[in-house]
Amino acid sequence: MKILIATPEATPYIKTGGLADVTGALLKEYTKMDLQPSIVLPLYRQIREHFKLADTGHRVAVPMGNRTVSGSILSHGRSAYFLECDEFFDRSDLYGTPGGDYPDNAARFTFFARAALEACIALRLEPDVIHCNDWQTGLIPLYMKTLYRSNLFSRTATLMTIHNLGYQGLFDVSSLPLTGLPAEWFNPEGIEFYGKINFLKAGLVASDSITTVSNTYAKEILTPEYGYGLDGFLRKRASVIHGIINGIDTDEWDPFKDTFITAKYGATDFSGKKVCKNDLMRECSLSVHGRDIPLLSFIGRLSAQKGLDILIEAADDIMAAGVNVIILGKGDEEIQDNILSLARRHKGRMFVKIGYDEAFAHRVYAGSDLFVMPSRYEPCGLGQLIAMRYGTIPVARRTGGLEDTITDYKPLRGSGTGFLFDDYRASSLEDCLGRALCAYMDKQRWRKLISGAMAQDFSWERSAKEYITLYADAIQRKRG
Ligand code: ADP
C-alpha cells in the first residue's frame, strides 16, 4: 500500500504540538511494517536550518488567482518531501507570531494543498491513499474531487484526521478565487461556514474517511458543546468517523534510555526517578526543606483549551497544600503574564519557564511526581501518556483522550493509573489533587501506582494497524 501523509508538522522535522508527534510516528511505524509511506510538508525556515535536504530537481507551479506561484520539491531520506516556496514559508513561525496569525494563511495553505498534489504528479508517487491532517491540508480531498478529478487520482482514497476541532482554518470569502475552487462549493453543504470559507470542512466534506484521535473525542465532536459549530455537519458523516488513539514514540520517551535525564530508571526499579527529581528541583531553584514535597508539573501550550484558568485559580490553594509546581509552556500572552506573576509570588516553590524546550520537558516528565492536565477539551493529549511512561501520575479532567487513557484511582481496590475529575471548576481540580496527595502520602500505594502507570502500553503499533485497516476500507469503497 502506498501511503502519502500530508501534514503541516511532523517530528523530527518541525513540531509545535501533538500533531507532529502523530505524523512523525506513523511514518516510522509504516516503514517498520514494510509499507511504502511518504510524507509531504511545507519547507519552513527551521527545517532548512536543521536538515540537509536534497533537491529532487522537480518543480511545481500552482495557479493562485491571477498569478502562478512556483516552488521546488526537496527531499530528505527516501520518504520525506518538502515544498519550498520562500514567499510563504521562509518565516520566523509556522502559522503566526504571538501578535496573531499570518494574514496570508489562506494563500499559504492553499499553495501547500495544491502543491502537494502537483508533487504527487511530478514525482509519480501514485499513492493509494492520502492521509490529510488538520485544516492546513483540508483542501486536498476537495481538490481531488474537483480540479484534480482526473485519472491520476481516480484510484486514490483520502482520510482526514481531526487533531483539534478548535482550529478550522476560517478565512474571508475574498480568498475563494485564490483556491480556484468552483463557486458552487461555497454553500453550507460545502465549504461555507457562517459566511466564511472553512478549510477543515473542505476536508471533512470530501474525504472518504474521517478520524479523530480518541474514541471519546470522536463522540464528543458530534455534540454542540465540543463541535465548534460543525457538530450538525459531522453528525451527517458519523458513519465514516472513527476514533484512533494516539501512541507515543516509545524510543524517544523511555526513562531507561533517555539521554536528557540524569539517572535512568525502569518500571521495576525507579530509584533513579528520585535522583531526577532532586536534580530538577535544584535546576529550578525549588526549596526542599529536607522534606518529601510533592512536585506537580504542567507542560503544554498556554491556551484556553488547556484549562490554565482553573489551574491559576486553584494555584494559591495548591501552594498552600505544600506542593511545588513547575510550568513549561508558551502561547497566550495574558496566560503567560498571569503565571509569571504567580511564580514571582511563590518564588522558590513555583518555577515557570516560558518557551519551547524539548530537553527540559524530558527532565520535567522524569523528575515530577504529578502531571496536571485540567483541559477544557482534549482530543487525545500526549502529555499524560508521556508522564505515565515516566511514572509521573496524571491529574486530569475526564474528557476526550484523557478519559480513554487514564484509569481513575480507586483507593479501596488500589487500582488505577491517575486521578480524574469531571466538572470544569477550580474546586473540582483541587478535590482531585487532594485525592492524589492522600495516595502520595502512602509510599507503598504510590509505588504501586507508579509501576502500574509505567507498565501501560502506549506504543504506536496497534493504532498504526487501525489506520491501515481504515485506509484499506476507504480504498476499497473508492474503487467500488
Ligand atoms: P497539543 O497537541 O494540543 O499541543 P498534546 O498533549 O497532544 O497537546 O501534545 C503536546 C506535545 O508537545 C507533548 O509531546 C508535549 O510534551 C509537547 N510540548 C508542549 N509544549 C511544550 C513546551 N513548551 N516545551 C516542550 N515540549 C512541549
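One-based numbering along the sequence shown.
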Practice task
Determine, stepwise, if the pair Cys85 / Leu43 fulfils side-chain contact (heavy atoms from CB on, under 4.5 Å).
Solution key: CA-CA 7 Å; Cys85 177; Leu43 179 54; over 6 Å; no
Exercise for the section: Could you tell me whether the side chain of Thr56 and the main chain of His58 form a donor-acceptor pair under 3.5 Å? Expected result: yes
Problem - Within-4.5 Å side-chain heavy-atom neighbours: Met144 and Thr156 - result: yes
Problem - Side chain Thr417, main chain Thr407, donor-acceptor under 3.5 Å - result: yes
Practice task
Ignoring hydrogens and angles, state whether a donor on the side chain of Thr211 or Thr161 is under 3.5 Å from an acceptor on the partner side chain.
Solution key: yes
Problem - Identified side-chain contact (heavy atoms from CB on, under 4.5 Å) counterpart of Val240 within the set Ile210, Leu204, Asp208 - result: Ile210
Problem - Side chains of Asn198 and Ile191 in contact at under 4.5 Å (non-hydrogen atoms) - result: no
Exercise for the section: State whether the side chain of Tyr143 and the backbone N or O of Thr179 hold a donor-acceptor pair below 3.5 Å, judged by distance alone. Expected result: yes
Exercise for the section: Answer whether the closest heavy-atom distance between the side chains of Pro379 and His163 falls below 4.5 Å. Expected result: no
Handout entry: Neighbour count >12 (heavy atoms, 6.0 Å) for atom CZ, Arg149
Key = no
Fill in the blank from the handout: Rounded to the nearest 0.5 Å, the OG atom of Ser463 sits from the CD1 atom of Ile468 at a distance of 11.5 Å
Completion exercise
Nearest heavy-atom approach of Ala61 to Thr68 is CB-CG2, 3.8 Å
Handout entry: Distance-only donor-acceptor check, side chains Tyr95 and Glu9, under 3.5 Å
Key = yes
Handout entry: Residue pair Leu165 / Leu230: nearest heavy atoms and the distance that separates them
Key = CD1-CD1, 3.9 Å
Fill in the blank from the handout: Checking Lys15, Lys28, Arg389 against Asp249 for salt bridge (Lys or Arg N to Asp or Glu O under 4.0 Å), the one that qualifies is Lys28
Completion exercise
In short, Pro37 meets Thr31 closest at the heavy-atom pair CG-OG1, 3.6 Å
Completion exercise
To the nearest 0.5 Å, atom CG of Asp90 lies from atom CZ of Arg48 at 6.0 Å
Practice task
Decide if atom CD of Glu466 counts as having more than 12 heavy atoms of other residues, nucleotides or ligands within a radius under 6.0 Å.
Solution key: yes
Practice task
Have a look at Trp135 and tell me which of Phe171, Phe193, Phe112 forms a ring-ring contact (aromatic ring centres under 6.0 Å, His included) with it.
Solution key: Phe171
Handout entry: Donor-acceptor contact present, side-chain Asp55 to main-chain Gly57, <3.5 Å
Key = yes
Practice task
Compare all side-chain heavy atoms of Phe360 with those of Leu280 and state whether any distance is below 4.5 angstrom.
Solution key: yes
Handout entry: Ring-ring centroid check Tyr377 Tyr228, cutoff 6.0 Å
Key = yes
Handout entry: Audit row: Gln456, Thr405, side-chain contact (heavy atoms from CB on, under 4.5 Å) steps and yes/no
Key = CA-CA 9 Å; Gln456 300 289 304; Thr405 56; over 6 Å; no
Practice task
Measure up the Trp253 and His362 rings against each other and bin them: parallel (under 30°), tilted (30 to 60°), perpendicular (over 60°).
Solution key: parallel
Problem - Side-chain H-bond candidate by donor/acceptor type, His131 with Tyr471, under 3.5 Å - result: yes
Exercise for the section: Starting from the C-alpha separation in whole Å, work towards a yes-or-no answer on side-chain contact (heavy atoms from CB on, under 4.5 Å) for Gln168 and Phe199. Expected result: CA-CA 6 Å; Gln168 298 180 6; Phe199 276 29; over 6 Å; no
Handout entry: Gly307 backbone acceptor or donor facing Arg376 side chain under 3.5 Å
Key = no
Practice task
State whether the side chain of Gln384 and the backbone N or O of Ile406 hold a donor-acceptor pair below 3.5 Å, judged by distance alone.
Solution key: no
Completion exercise
Between the OG atom in Ser75 and the CZ atom in Phe82, the distance rounded to the nearest 0.5 Å is 8.5 Å
Handout entry: Minimum side-chain heavy-atom gap Leu302-Ile339 below 4.5 Å
Key = yes
Completion exercise
dist Arg237:CZ -> Ser207:OG (nearest 0.5 Å) comes out at 5.5 Å
Practice task
Answer yes or no: is there an ion pair linking Glu189 with Lys236, defined by an N-O contact shorter than 4.0 Å?
Solution key: yes
Exercise for the section: May I ask you to test the Phe109-Pro42 pair for a side-chain heavy-atom distance under 4.5 Å? Expected result: yes
Problem - Row check, Phe298 ring normal vs Lys306 NZ/CZ: under 6.0 Å, within 45° - result: no
Exercise for the section: Compute the centroid of each ring, for Phe51 and then for Tyr13, and state whether the two points are separated by less than 6.0 Å. Expected result: yes
Handout entry: Side-chain heavy-atom pair Asn338, Leu308 within 4.5 angstrom cut-off
Key = no
Problem - Which atom of Glu29 lies closest to which atom of Ala464, heavy atoms considered - result: CG-CB, 3.4 Å
Problem - Atom CZ of Phe256 with >12 non-hydrogen neighbours under 6.0 angstrom - result: no
Handout entry: Distance-only polar pair, side chains of Arg397 and Ser375, donor-acceptor under 3.5 Å
Key = no
Practice task
Take atom CZ of Arg462 as the centre, draw a 6.0 Å sphere, and report whether it contains more than 12 heavy atoms from other residues, nucleotides or ligands.
Solution key: no
Handout entry: Donor-acceptor side-chain pairing of Ser368 and Ser297 below 3.5 angstrom
Key = yes
Problem - Any donor-acceptor pair under 3.5 Å from Asp404 side chain to Thr216 backbone - result: yes
Practice task
Without swapping roles, check the side chain of Ser214 against the backbone of Cys380 for a donor-acceptor pair under 3.5 Å.
Solution key: no
Handout entry: Ion pair check, Glu220 and Arg398, cut-off under 4.0 Å
Key = no
Exercise for the section: Answer yes or no: does atom CZ of Arg124 have more than 12 heavy-atom neighbours from other residues, nucleotides or ligands under 6.0 Å? Expected result: no
Handout entry: Lys264 side-chain N/O to Asp258 backbone N/O, donor-acceptor pair under 3.5 Å
Key = yes
Handout entry: Pairing of Lys465 and Glu461 as salt bridge, 4.0 angstrom limit
Key = yes
Practice task
Please check if the side chain of Thr158 supplies one atom and the backbone of Ile130 the other of a donor-acceptor pair under 3.5 Å.
Solution key: no
Problem - Over all atoms of both residues, closest heavy-atom pair of Ser92 and Thr97 - result: OG-CG2, 4.4 Å
Problem - Close side-chain approach of Tyr194 and Leu170, heavy atoms under 4.5 Å - result: no
Exercise for the section: Evaluate whether atom CZ of Arg155 has more than 12 neighbouring non-hydrogen atoms of other residues, nucleotides or ligands under 6.0 angstrom away. Expected result: no
Exercise for the section: Kindly check if the number of other-residue, nucleotide or ligand heavy atoms within 6.0 Å of CG (Asn187) is above 12? Expected result: yes
Practice task
Would you check, one step at a time, whether the test side-chain contact (heavy atoms from CB on, under 4.5 Å) holds for Thr212 with Ile221?
Solution key: CA-CA 9 Å; Thr212 186; Ile221 58 173; 4.3 Å; yes
Handout entry: Aromatic ring proximity, centroids under 6.0 angstrom, Phe371 and Tyr365
Key = yes
Practice task
Decide whether Gln36 and Asp128 meet the rule of one side-chain donor and one side-chain acceptor closer than 3.5 Å.
Solution key: no
Fill in the blank from the handout: Heavy atoms of Asn133 and Pro8 approach each other most closely as O-CD, 3.5 Å
Practice task
Would you kindly check if the NZ (Lys) or CZ (Arg) of Arg91 is within the cone defined by 45 degrees around the ring axis of Tyr44 and under 6.0 Å from the six-membered ring centre?
Solution key: no
Completion exercise
The reported gap from CG in Leu27 to CD1 in Ile3 (rounded to nearest 0.5 angstrom) is 9.5 Å
